[in-house]
Amino acid sequence: MDSKVNILLLIFLLLLPPVLGWFGYYLSVGSDQYEVIRFAEDLARGTIFRSHPLFDLVKDRAVPGRLYNIHYGGYLLKDGKIYCKYAIGYPLLLAIALEIFGFPSVFFVNFFVLSLLLLFVYLIGRIYFRDETQSSAIALSAALLLFLLGRQLWDLSVTPHGDVASVLFAVVGAFCLLRTLSSVPSAASQKRTTGILRALSSASRPSAAGRLSWIFAAGFSVGFAGSIRPPSALLALPAALYLLSRGEARKRPLSAAVLLLLFAVGVLLGLLPVFAQNYLTGGNALRFTQFHEVHLETVRSAVGAASPASLLKRIADIFLVRTHGWGIGNIHAALPAMSLHVFFAFGPLFSALFLLGLAAGWRRAETRCLFLPAVLLFLLFYSGWVRPLERYLVIAYPFVSLVAAGGVARLVSLSAGLGAAPRARVPLALLGAGLAVADPILRSLYPREGGLPNWQNQVLFAAAILAAGVDRHVAPES
């Protein structure tokens with residue numbers, strides 16, 4: 001049976017985001033920097049286009065075929081149409097919240113999204129660590145690690161960003177896959193899983209029809225993550241690799257092909273909202289409007305001298321837009337910087353946990369074919385972006401935290417193995433102390449925003465060392 005302490009800690013962790021968001025005071029709550037709430041209002045009215053008397057002056061005078069940024073870059077104007085350049089998925093969720101709960105609710109959606117994200121990371125951890133005696137505690141540590149290392153997740157939650165929602169749907173897709181394809185846990189693990197957690201975890205394999213439903217749900221979730229932030233749909237590649245890596249795929253290739261096809265159909269249906277947006281706004285379903293970068297050149301010559309340019313300039317900046325996007329030529333310059341940022345943002349202490357968890361969990365197909373490929377894929381992709389921003393890598397944070405939690409589990413296992421010789425734990429304690437001292441020194445050489453602050457990182461590793469001091473046997477995988 002699940003420990004009551006673990007359940008209470010889980011409930012406490014899930015309540016933290018909405019409670020902190022509701023009772024805290026953040027200047028960002030109530031802002032609409034990227035015009036997504038304005039877009040949500042348009043969707044709630046049943047249209048993806050915007051009409052504004054001031055910009056009607058520009059609509060008639062703009063050069064046909066040219067693309068203009070208006071509303072501080074959040075909206076685009078082309079061929080008489082004004083529309084939001086950001087993907088429709090997250091504004092669609094906000095529009096639903098607006099219709100059901102009223103306008104103020106849109107500013108608090110992300111806090112509940114973050115809670116759901118922590119919950120599904122915990123549920124994935126229950127499956128991923130299915131053979132560990134303390135699977136519930138280790139899964140809880142994965143959710144806690146995500147909440148600690150994901151300072152950018154919290155920063156994105158207090159503003160109407162779609163990043164957190166995109167991560168949630170990607171994680172839900174991964175959960176559906178693991179729920180369907182992971183190996184059956186041991187009998188002891190099944191006895192420890194009760195209630196709703198048993199219904200959601202892999203304590204019982206779904207029926208044939210249920211498997212089809214879960215696989216389709218996995219594809220749709222990954223696809224809808226792409227409707228919120230299109231590159232998130234790249235998770236479909238490691239997901240397909242994980243699906244094909246299962247033993248059943250080699251034994252029954254036809255069945256695996258059907259599952260892969262169903263997964264692909266789900267991904268395409270999940271992407272349908274953003275495809276429809278692209279088609280209605282630009283006439284090409286595969287051309288994403290948000291892949292445009294602003295070229296700072298005024299449009300005064302385009303709108304003509306007769307238009308009230310001074311008034312328009314005070315209300316909105318209007319720029320010509322040059323289309324840029326992902327380029328493989330950017331990777332060689334950006335990848336080292338992005339990798340260095342990731343290491344120094346998380347620090348050597350957390351990196352040690354990640355590498356230890358990677359080594360300990362390598363025999364698991366989830367590590368080799370899903371978690372690590374997803375992390376490397378997104379690191380590579382966003383290194384090829386014309387403007388690499390580290391905050392985009394939040395899509396990889398849940399998988400990083402799950403692997404790092406495996407490092408905590410390995411420390412516990414190592415300590416259990418040293419139980420007969422307490423002095424043998426001295427090198428482990430010295431290693432932890434050395435990393436604790438080196439951590440702030442090393443990261444001060446490369447100060448960047450994001451990742452763990454020094455004190456959280458040290459407390460994190462100290463907690464792992466203390467946990468390793470508890471004699472608990474970790475069952476080997478069957």
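For the residue pair Leu43 and Ala95, the shortest heavy atom distance occurs at CB-CB, 4.0 Å. Here the closest non-hydrogen pair linking Phe147 and Leu114 is CE1-CD2, 4.2 Å. Counting all heavy atoms, side chain and backbone alike, Leu393 lies closest to Phe378 at CD2-O, 3.6 Å. Across all their heavy atoms, Leu377 and Pro238 have their closest contact at CD2-CD, 3.8 Å. Taking all atoms of both residues into account, the shortest heavy-atom contact from Ala174 to Ile124 is CB-CD1, 4.1 Å. Counting all heavy atoms, side chain and backbone alike, Leu140 lies closest to Tyr122 at N-CD1, 3.6 Å.
Val408 places none of its side-chain heavy atoms less than 4.5 Å from the side chain of Ile138. Side-chain contact between Phe220 and Val267: absent, with no pair of heavy atoms (C-beta onward) separated by less than 4.5 Å. Here the side chains of Ser227 and Tyr90 are not in contact, with every heavy-atom distance at 4.5 Å or above. With contacts defined as side-chain heavy-atom distances shorter than 4.5 Å, the pair Leu358/Leu372 qualifies. Within the 4.5 Å cutoff, the side chain of Val164 has no heavy atoms near those of the Val394 side chain. Side-chain contact between Arg364 and Phe129 is present, with at least one heavy-atom pair separated by less than 4.5 Å. With a 4.5 Å cut-off on side-chain heavy atoms, Pro18 and Phe108 do not count as touching. Residues Phe49 and Ile82 fail the side-chain proximity criterion, which asks for heavy atoms closer than 4.5 Å.
Here Tyr128 contributes atom OH and Ser135 contributes atom OG; the two are 13.5 Å apart, rounded to the nearest 0.5 Å. One distance of note links CG of Asn110 with NE2 of His161; it measures 9.0 Å at 0.5 Å rounding. Once rounded to the nearest 0.5 Å, the distance linking OH of Tyr392 with CG of Leu379 reads 15.5 Å. With values rounded to the nearest 0.5 angstrom, Phe169 atom CZ is found 14.0 Å from Leu235 atom CG. One finds the CD1 atom of Ile11 at 12.5 Å from the CG atom of Leu16 (value rounded to the nearest 0.5 Å). How far CG of Leu119 is from CG of Leu123: 4.5 Å, rounded to the nearest 0.5 Å.
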Steps toward side chain to side chain contact (heavy atoms under 4.5 Å, CB included) verdict (Thr281, Leu76):
CA-CA 10 Å; Thr281 56; Leu76 298 175; over 6 Å; no
Take Leu272 and Leu268, measure what side chain to side chain contact (heavy atoms under 4.5 Å, CB included) needs, and give me the verdict at the end.
CA-CA 6 Å; Leu272 194 59; Leu268 291 176; over 6 Å; no
Between Ile228 and Leu93, does a side chain to side chain contact (heavy atoms under 4.5 Å, CB included) hold up when you go through it step by step?
CA-CA 9 Å; Ile228 298 174; Leu93 296 178; 4.2 Å; yes
Taking it one step at a time, do Ser401 and Val121 satisfy side chain to side chain contact (heavy atoms under 4.5 Å, CB included)?
CA-CA 9 Å; Ser401 67; Val121 167; 4.3 Å; yes
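A salt bridge links Arg130 with Glu366: the closest approach of a Lys/Arg side-chain nitrogen to an acidic carboxylate oxygen falls below 4.0 angstrom. Ion pairing of Arg38 with Glu41 is absent here, as no side-chain N (NZ or NE/NH1/NH2) approaches a carboxylate O to less than 4.0 Å.
Between Trp154 and Phe111, the two ring planes are tilted [angle within 30° to 60°].
At distances below 3.5 Å, at least one donor-acceptor pair connects side-chain atoms of Ser105 with backbone N or O atoms of Ala97. The backbone N or O of Ala218 sits nowhere less than 3.5 Å from a side-chain atom of Ser221 that would complete a donor-acceptor pair.
Of the candidates Arg50, Gln277, Lys85, Gln277 is the only one forming a side-chain contact (heavy atoms from CB on, under 4.5 Å) with Phe39.
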